[in-house]
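Contents: one structure, followed by commentary.
Atoms considered below: every heavy atom in the structure, side chains included; atoms not considered: hydrogens, waters and symmetry mates.
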Amino acid sequence: MSNRSISNFLTVAGAASIIGSIIIWATHGGQAKDEASKAHGERYGIFVGLWAPTFFVLANRYNTAALEEGQ
């Protein structure tokens, strides 16, 4: 798998993490009836959303490597 393909995959994974975070918050945190479930849903949504910067940084590194290789 080329560095360019890995970079594209990681960019999509970062975007999916943001979208997934919003979906998790809306379904688990925003709709919960008791406070404990609502807090758990919000924390889980934030946890998934925190993956996005990692995916974007890795995508940038692989993109830089692809440019250096001339891909």
Side-chain angles (χ1 to χ4, degrees):
M1 188 175 232
S2 70
N3 285 334
R4 178 72 63 195
S5 297
I6 294 170
S7 174
N8 291 339
F9 173 76
L10 289 169
T11 301
V12 170
S17 173
I18 293 169
I19 293 168
S21 174
I22 294 168
I23 291 170
I24 289 169
W25 174 82
T27 58
H28 295 288
Q31 302 295 326
K33 300 203 185 318
D34 62 335
E35 289 300 316
S37 295
K38 186 174 183 176
H40 175 72
E42 289 175 353
R43 285 191 302 265
Y44 189 57
I46 291 170
F47 174 71
V48 172
L50 288 174
W51 298 345
T54 303
F55 288 138
F56 290 139
V57 167
L58 288 172
N60 187 31
R61 298 287 183 186
Y62 277 100
N63 188 42
T64 302
L67 291 174
E68 289 174 357
E69 290 177 356
Q71 292 182 355

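In terms of modelled atom types and a separation under 3.5 Å, the side chain of Ser21 and the main chain of Gly45 share a donor-acceptor contact. Thr11 contributes a side-chain N or O that, together with a main-chain N or O of Ser7, makes up a donor-acceptor pair within less than 3.5 Å. Between the side chain of Ser17 and the main chain of Ala13, no donor-acceptor pair closer than 3.5 Å is present.
Residues Met1 and Leu58 fall within the same hydrophobic cluster, defined by Ile, Leu, Val, Met, Phe, Trp and Tyr side chains chained together at heavy-atom separations under 4.5 Å. Linking Ile, Leu, Val, Met, Phe, Trp and Tyr residues whenever their side-chain heavy atoms come within less than 4.5 Å leaves Leu10 and Ile19 in two separate clusters.
The minimum heavy-atom distance between Leu50 and Thr54, with the atom names listed, is O-OG1, 4.2 Å. For the pair His28 and Gly41, the tightest heavy-atom approach, listed with the atom from each and the gap, is CB-CA, 3.8 Å.
With rounding to the nearest 0.5 Å, the separation of NE2 in His40 from CD1 in Ile24 is 9.5 Å. Note that CZ of Phe55 is 11.0 Å distant from CD1 of Ile18, once rounded to the nearest 0.5 Å. To the nearest 0.5 Å, atoms CG (Asn60) and OH (Tyr62) are separated by 12.5 Å.
Counting heavy-atom neighbours within 6.0 Å of Tyr44 OH, excluding the residue itself, gives a total of 12 or less.
With sequence neighbours excluded, the residues satisfying ring pair (Phe, Tyr, Trp, His ring centres under 6.0 Å) with Phe47 are Trp51.
A donor atom on one side chain and an acceptor atom on the other are not found under 3.5 Å apart for Ser5 and Asn8.
Here the side chains of Asn3 and Arg61 are not in contact, with every heavy-atom distance at 4.5 Å or above.
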